[in-house]
Amino acid sequence: MMIAQFRLLPYVMIPLFFLTTLNVSAQEDPVLVEHGGKLFAGATFRGNGRTCQTCHTKETGALSILQVNLLPASDVLFRHDAADAPGGNTFDRIRQNATLLVEVPMHSNVSIENSSARTALLPRGVPTVFNSSALDPVLMSDGRASSLQLQALDAWLGHSRISKFPTDYDLNAVAAWERSKVTVRALRNFIETGTLPELPRGRTESERRGRLFFTDDNPVNGNPIKGRCVHCHSGPMLNATSQGAQAIFGIPAGSRFGSAFVSEFQLGGGTMLTWEFREQDGSVTKITSADPGRALITGNSVDANAFKIPTLWSVRTTAPYFHNNGAKSLDELLNHYQQYFNFVENIVGIPGFGMTDQDKVDIRAYLELL
Ligand code: HEC
Ligand code: HEC
């Protein structure tokens with residue numbers, strides 16, 4: 001772990017003032033949606049046989065380790081980017097972690113030490129396209145895709161190796177279908193009526209304590225500083241930094257990238273590489289990381305190890321977690337957050353930031369309600 005690179009809350013400033021800039025259309029065109037659904041599930045465009053649904057399964061829109069292991073070795077999932085190494089024909093990584101080797105073009109300021117490569121190959125999990133597509137304009141764990149349409153085209157070219165091109169109508173249709181897949185009632189209601197989704201109150205004592213830990217972001221009220229998940233998981237989608245983060249850390253509210261310390265703590269392993277960032281003054285900043293995330297896109301070393309803050313709605317259904325599926329379950333995820341928050345309390349020296357074992361039980365119970 002690299003303490004020298006520690007920043008309390010690494011962030012990227014893309015303030016998104018959700019309610020004013022989000023262009024949510026309550027009603028998608030049903031004909032377009034239906035066509036998009038067919039393409040998502042069935043279109044191969046004379047490629048390698050994979051469809052979007054090969055990875056974004058119809059049950060959850062994501063891909064779990066269990067789902068991978070239920071497939072026969074002959075399944076189209078087990079193709080090029082699922083292999084352990086490029087060109088290889090072993091598939092242990094995807095069976096153990098459900099990750100694909102994703103090719104990420106690097107900003108011209110970034111390179112890998114002793115390498116002339118212009119793209120990075122990184123193991124990334126399959127995020128769900130449900131719920132987020134309608135309400136989250138930031139796509140991919142590093143935010144590199146600019147629209148659902150371009151993302152779909154890239155996915156068909158990259159994952160499915162298509163030889164026949166989708167039309168613009170097809171791309172719009174897939175995007176419309178993705179936006180239509182809203183399974184959380186509070187979000188559906190938000191889209192249709194504009195009513196902000198409310199966090200569940202919790203019924204049991206444990207759920208209520210979990211809620212308090214999750215939402216208590218007021219350090220000036222005599223409470224010890226708690227976990228305050230909402231510092232990063234706030235807003236209607238629980239995926240943006242809050243006013244509290246602004247007051248305490250000077251991070252603009254609404255920022256969409258941050259670090260949950262997955263790369264810093266090497267959660268989920270991965271190959272450590274040294275990444276070189278050319279600074280404006282000509283100097284080079286070297287950062288060792290299995291995946292520097294957002295920094296590869298912005299070319300700015302300050303963004304190293306920051307990733308998109310994902311929504312937490314319906315999170316109980318989409319294990320494994322984090323960009324690299326580094327946490328296999330909510331329990332593993334909370335073990336990681338406990339280590340992270342205790343590190344902030346003990347090493348960085350912010351009293352009250354730590355998390356007890358009881359806190360973990362409570363937060364888990366609460367996350368199950370979302
Ligand atoms: C071989 C597996 C695979 C296939 C096939 C696939 N995807 Fe993905 N998809 C991924 C992975 C892996 C990511 C995450 C990449 C990252 O974060 O760098 C992803 C990310 C996405 C995202 C971003 C979600 C978010 O919350 O940021 C969308 C949207 C998406 N895919 C749509 C599609 C569509 C549409 C298709 C079909 C045209 C498709 N995918 C085909 C593996 C796949
Ligand atoms: C410093 C900002 C920050 C704080 C504080 C924070 N998170 Fe996160 N959270 C993130 C980021 C960034 C990610 C994505 C990290 C990655 O992919 O490597 C994430 C990912 C997650 C995920 C995984 C979602 C998925 O679909 O993979 C869960 C669950 C989660 N956080 C819950 C929590 C809980 C519970 C708390 C409070 C105990 C919390 N977070 C506090 C920034 C934060």
Side-chain angles (χ1 to χ4, degrees), residues 8-11 36 39-40 43 45 50-56 61-63 76-77 79-82 94 98-104 122-129 131-133 136 138-145 148-149 151-160 162 166 171 174-175 177-178 210 213-214 226-233 238-239 241 245 249 251 256-263 267-268 291 293-294 305-312 314-316 318-327 330 333-334 336-338 340-341 344 355 359-360 363-364 366-367 370:
L8 184 57
L9 290 168
Y11 62 94
L39 295 175
F40 193 91
F45 294 106
R50 283 173 168 174
T51 69
C52 308
Q53 199 171 278
T54 303
C55 295
H56 300 279
L63 182 69
V76 287
L77 177 65
R79 293 282 187 274
H80 57 108
D81 52 2
I94 192 166
T99 52
L100 282 295
L101 274 189
V102 170
E103 197 170 355
V104 177
L122 301 161
R124 300 251 170 108
V126 183
T128 182
V129 293
N131 298 310
S132 56
S133 298
D136 187 353
V138 178
L139 298 169
M140 313 306 243
S141 51
D142 49 25
R144 70 185 181 282
L148 286 172
Q149 286 84 341
Q151 194 286 328
L153 180 60
D154 259 10
W156 268 319
L157 290 169
H159 299 303
S160 306
I162 56 171
L171 296 175
V174 157
W177 181 81
E178 290 176 297
F213 194 102
F214 190 90
K226 297 294 253 177
R228 298 158 308 148
C229 311
V230 285
H231 275 308
C232 297
H233 296 282
L238 308 175
N239 65 1
T241 56
F249 305 110
I251 300 172
R256 289 300 317 282
F257 295 88
S259 175
F261 261 52
V262 176
S263 286
L267 182 73
D291 188 341
R294 182 69 181 157
N305 301 335
F307 290 88
K308 173 169 93 167
I309 304 171
T311 184
L312 299 185
S314 196
V315 73
R316 68 183 180 284
T318 54
Y321 303 108
F322 294 134
H323 67 275
N324 61 351
N325 287 350
L330 286 176
L333 175 124
L334 288 166
H336 170 74
Y337 270 114
Q338 184 179 38
Y340 170 20
F341 283 15
V344 173
M355 197 189 278
D359 291 332
K360 282 195 297 190
I363 298 165
R364 194 214 143 111
Y366 193 66
L367 290 175
L370 295 175

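Remember, it's 1-based here, ligands and their atoms both numbered in the order they're listed. By convention here, the first residue in the shown sequence is residue 1.
- Neither the backbone nor the side chain of V104 has any atom closer than 4.0 Å to an atom of ligand 1 (non-hydrogen atoms only).
- Under the ring-ring contact (aromatic ring centres under 6.0 Å, His included) criterion, H323 pairs with F307, not counting sequence neighbours.
- Nearest protein neighbour of atom 26 (O) of ligand 1, counting heavy atoms only, is K308 NZ, 3.0 Å.
- Rounded to 10°, the angle formed at atom 8 (Fe) of ligand 2 by OH of Y337 and NE2 of H233 is 180°.
- For ligand 1, the polar-atom distance check against R124 finds a nitrogen or oxygen pair separated by under 3.5 Å.
- Screening the protein for N, O or S atoms under 2.8 Å from atom 8 (Fe) of ligand 1 yields 1; no waters enter the count.
- Considering backbone and side-chain atoms together, S160 places no N or O closer than 3.5 Å to any N or O of ligand 1.
- In this comparison of S132, C232, S263, S259, the heavy atom closest to atom 2 (C) of ligand 2 sits on C232.
- Note: an N/O pair closer than 3.5 Å links R144 and ligand 1 by distance alone.
- You'll find the ring centres of H336 and F261 outside the 6.0 Å limit.
- Of all the heavy atoms of R50, the ones lying under 4.0 Å from any atom of ligand 1 belong exclusively to the side chain.
- When the options Y366, F322, F214, F261 are ranked by their closest heavy atom to atom 20 (C) of ligand 2, first place goes to F322.
- Contacts between E178 and ligand 1 below 4.0 angstrom, taking non-hydrogen atoms only, involve the side chain exclusively.
- Near I363, meaning under 4.0 Å from one of its heavy atoms, ligand 2 places the atoms 35 (C).
- Of all the heavy atoms of H323, none lies under 4.0 Å from any atom of ligand 1, so neither backbone nor side chain is involved.
- A salt bridge is defined here as a Lys NZ or Arg NE, NH1 or NH2 lying under 4.0 Å from an Asp or Glu carboxylate O, and R50 with D81 meets this definition.
- For atom 27 (O) of ligand 1, the closest non-hydrogen atom of the protein is M140 N, 2.6 Å.
- Proximity of D142 to ligand 1, defined as any heavy-atom pair under 4.0 Å, is not found for any part of the residue.
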